[in-house]
2 protein chains.
Amino acid sequence: MATIKDVARKAGVSVATVSAVINKSKYVSDDLKQRVQQAIEDLGYRPNRVARSLKRKESNIIGITVTEITNPFYPLMLEGVEDNAINEGYNVMLCTTGDDEEKEYLLLESMIDQGVDGVILATIDDLNSKALKLVQKEGIPHVLINRAPENYTGSLVCVDSYKVGQIATKHLLQLGHTQIGFIGGNRQNSKSREKGYQAMLASHNIPVNPSWIIDGEYSMEKTYEKITKLMQTSRTIPTAFFAASDLMAFGAAKALLDNGYTIPGDISIVGSDNIDFSEDFRVPLTTVDVQKYEIGKLGCELLLNHITRKEEVSHQKIILEPSLVLRESSGAVRKK
Amino acid sequence: MATIKDVARKAGVSVATVSAVINKSKYVSDDLKQRVQQAIEDLGYRPNRVARSLKRKESNIIGITVTEITNPFYPLMLEGVEDNAINEGYNVMLCTTGDDEEKEYLLLESMIDQGVDGVILATIDDLNSKALKLVQKEGIPHVLINRAPENYTGSLVCVDSYKVGQIATKHLLQLGHTQIGFIGGNRQNSKSREKGYQAMLASHNIPVNPSWIIDGEYSMEKTYEKITKLMQTSRTIPTAFFAASDLMAFGAAKALLDNGYTIPGDISIVGSDNIDFSEDFRVPLTTVDVQKYEIGKLGCELLLNHITRKEEVSHQKIILEPSLVLRESSGAVRKK
DNA sequence: TTGAAAGCGGTACCAC
DNA sequence: GTGGTACCGCTTTCAA
């Protein structure tokens, strides 16, 4: 690999001048500029970004943490991030944490040590998260996307999960359902969706049956098990379920279908996320769209703003609007 | 951020000694070792990887290029790569090329300039690919995964696509189908699968009908259109389709379903890839599994071997075995 | 056994 | 306008 010195020698100028023409950082006469450019061309020279990073203390790399990448929700979000990053001349470093706090911390640390200019965190639910504390302590620009602790005051972009719960539940109520179960997991998004669901029921004076609140652990398989068990042990089951993720909705639907129920004939299902395959699930899934791509894209924009204009970092919150996507898994409550 | 100098000062030793204890690169007396470790602890010192990279000319970062990440095939493969990389102390930089040669080249170049120690390429079909030429010219360790040019002689891990075609076609033949269409796209994997399909038909003396070879462009939507058009314009359509990807199989199945055909009653469909959702597609899809996770994992292992043992780089080829996954989209040919 | 110092490949200040 | 050079933070050779 040719270095800046080689270029300088070949062009018969100093390295300072080469650097100046590369970065357009100060005036260089046309003559020298020509010679330098010619030399760069001839040698196929490309600046060593590592050296530049060391000196400038900026790498043009951003990091992103996600819990998992096999849930189709994340690739789309990631695409939003990457599209934006590439456009602005940044590379992206990816870490999958698997919801493991310790792994998350270590991976984040490794990215910081690698010199990332900032990080997008899609894994933070807790204000006391070690990972969050780390970026704060180190003063690394960061924005949370998709997930965020309830009273987080930093920059973030996510969907209004409370509304997700309201929208889904309202839809079910309008179809005449009053016995509506909830399937969620141990994440803030789920909790907010549950609150929206509870509030909507409460506003219609409908009590919630605690045994119809299912912990699906954000897993299709677990949800399948839990719902199967519910059918075996409960005397009555709801006429509808709202799930805090499409994957859990899938699990529930499969369990129901496998036990001879029809959807939506016997039981309605509403998911959330609107992942690509919800449209082509065994029963096309009614769900709530949460603007996955936008979350990633805006999150990246925000981060890049933080990075480039450090001084005017205003803690910005972007809360996106969810919207109902009507498909075939929800229908009028069955007649008794 | 504390630097190595701070540690040295605090411990009352030279930076060389600090470096030695960090890297265990030479003997240091217990006394000094203690003091250094204490100082590191006190300061919360972590070595600057950028500086280390510059000096050592290795970054512990590997790059990976994929064409798209929204096809659920890739996240699993990527997971295989990342799991392995993390375990070995490497971070991964991700680039999505969208099958755009120019973008691919630029992104790859940017990763190299960022100092990646090696790259995994899941985007190469052509021996003359600019991207491939680049890594070869620069002498960057690289391995191709999932996709590869026909006569590629470097390291690679992928599934035997020819066999994929054979297996799928054989299955259909065994069900009594003789009128079998093929849906593919402009990638080497598809071409090999098509060859396997053709060969299997030939060995049964069954001619292939050229109008039943459909270019689905690796897109669900395109395939939907093409199949819809086929139904409108052709007097006869096959009793079965084999598609070179599950996504295209989905597109075909949807088109058929939307036009009143039953699957597999009227027409059988076999996909390839075995993406997660093929199991829960409207009609659970019979498909050919291609060991996505393994491809990524082994590809990463191979690359890391190249990086760490430069001298003994034997060009290694790992060809994985595909296997049929029987589900509900394929059945006996209908009686006339 | 320990440390001084050169140097990785750039950037940017300062002097000419 | 241009170039000499210190320096970014670390590794590694070499001398003491």
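Proteins come first, then strands; the chains are lettered A, B, ... in the order of their sequence lines, and each starts at number 1.
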Contact class for [X] (heavy atom, under 4.0 Å): base, sugar-phosphate, or nothing?
{"X": "A:Ile22", "answer": "nothing"}
{"X": "A:Lys57", "answer": "sugar-phosphate"}
{"X": "B:Val18", "answer": "nothing"}
{"X": "B:Val50", "answer": "nothing"}
{"X": "B:Ser19", "answer": "base"}

Can you measure [X] atom [atom1] to [N] atom [atom2] for me and round it to whole angstrom units?
{"X": "A:Glu58", "N": "C:dG10", "atom1": "CD", "atom2": "P", "answer": "15 Å"}
{"X": "B:Lys5", "N": "C:dA5", "atom1": "NZ", "atom2": "P", "answer": "13 Å"}
{"X": "A:Lys55", "N": "C:dT11", "atom1": "NZ", "atom2": "C1'", "answer": "5 Å"}
{"X": "B:Lys26", "N": "D:dT12", "atom1": "NZ", "atom2": "P", "answer": "10 Å"}
{"X": "B:Arg56", "N": "C:dA6", "atom1": "CZ", "atom2": "P", "answer": "22 Å"}
{"X": "B:Gln34", "N": "C:dT2", "atom1": "CD", "atom2": "C1'", "answer": "17 Å"}
{"X": "A:Leu43", "N": "C:dG9", "atom1": "CG", "atom2": "P", "answer": "14 Å"}
{"X": "A:Leu54", "N": "D:dA6", "atom1": "CG", "atom2": "P", "answer": "17 Å"}

Exam field: side chain B:Ser190 to backbone B:Asn186, donor-acceptor pair closer than 3.5 Å: no

For the pair A:Glu79 (side chain) and B:Ile69 (backbone), establish whether a donor and an acceptor sit closer than 3.5 Å, ignoring hydrogens and angles. no

A:Asn84 vs A:Glu88, side-chain hydrogen bond (donor to acceptor under 3.5 Å, both in side chains): CA-CA, chis, key distance, verdict: CA-CA 6 Å; A:Asn84 203 267; A:Glu88 304 294 326; 5.5 Å; no

Counting side-chain heavy atoms from C-beta on, which of [options] comes nearest to [X]?
{"X": "B:Ile4", "options": "C:dA12, D:dC8, D:dT11", "answer": "D:dT11"}
{"X": "A:Thr3", "options": "D:dC10, C:dG3, C:dG10", "answer": "C:dG10"}
{"X": "A:Ser29", "options": "C:dG9, D:dG1, C:dT2", "answer": "D:dG1"}
{"X": "A:Val13", "options": "C:dG9, D:dT11, D:dG3", "answer": "D:dG3"}
{"X": "A:Arg52", "options": "D:dT2, C:dT11, D:dG9", "answer": "C:dT11"}
{"X": "A:Ser14", "options": "C:dA5, C:dT11, D:dG4", "answer": "D:dG4"}

Respond yes when some side-chain nitrogen or oxygen of B:Thr17 is under 4.0 Å from OP1 or OP2 of C:dT2, and no when none is. no

Can you tell me if B:Asn23 touches the phosphate of D:dT11, counting only side-chain N or O atoms and a distance under 4.0 Å to OP1 or OP2? yes

Test side chain to side chain donor-acceptor pair (under 3.5 Å), reference B:Thr123, set B:Thr67, B:Asp99, B:Thr65, output is B:Thr65

Closest nucleotide of DNA chain C for B:Val28 versus for A:Ala2: which of these residues is on the 5' side? B:Val28

Option passing side-chain contact (heavy atoms from CB on, under 4.5 Å) with B:Pro149 (candidates B:Asn128, B:Leu127, B:Asp126, B:Asp125): B:Leu127

The reported gap from CD in A:Gln38 to NZ in A:Lys33 (rounded to nearest 0.5 angstrom) is 15.0 Å

DNA chain D nearest-nucleotide lookup for A:Val15 and B:Arg49: closer to the 5′ end is A:Val15

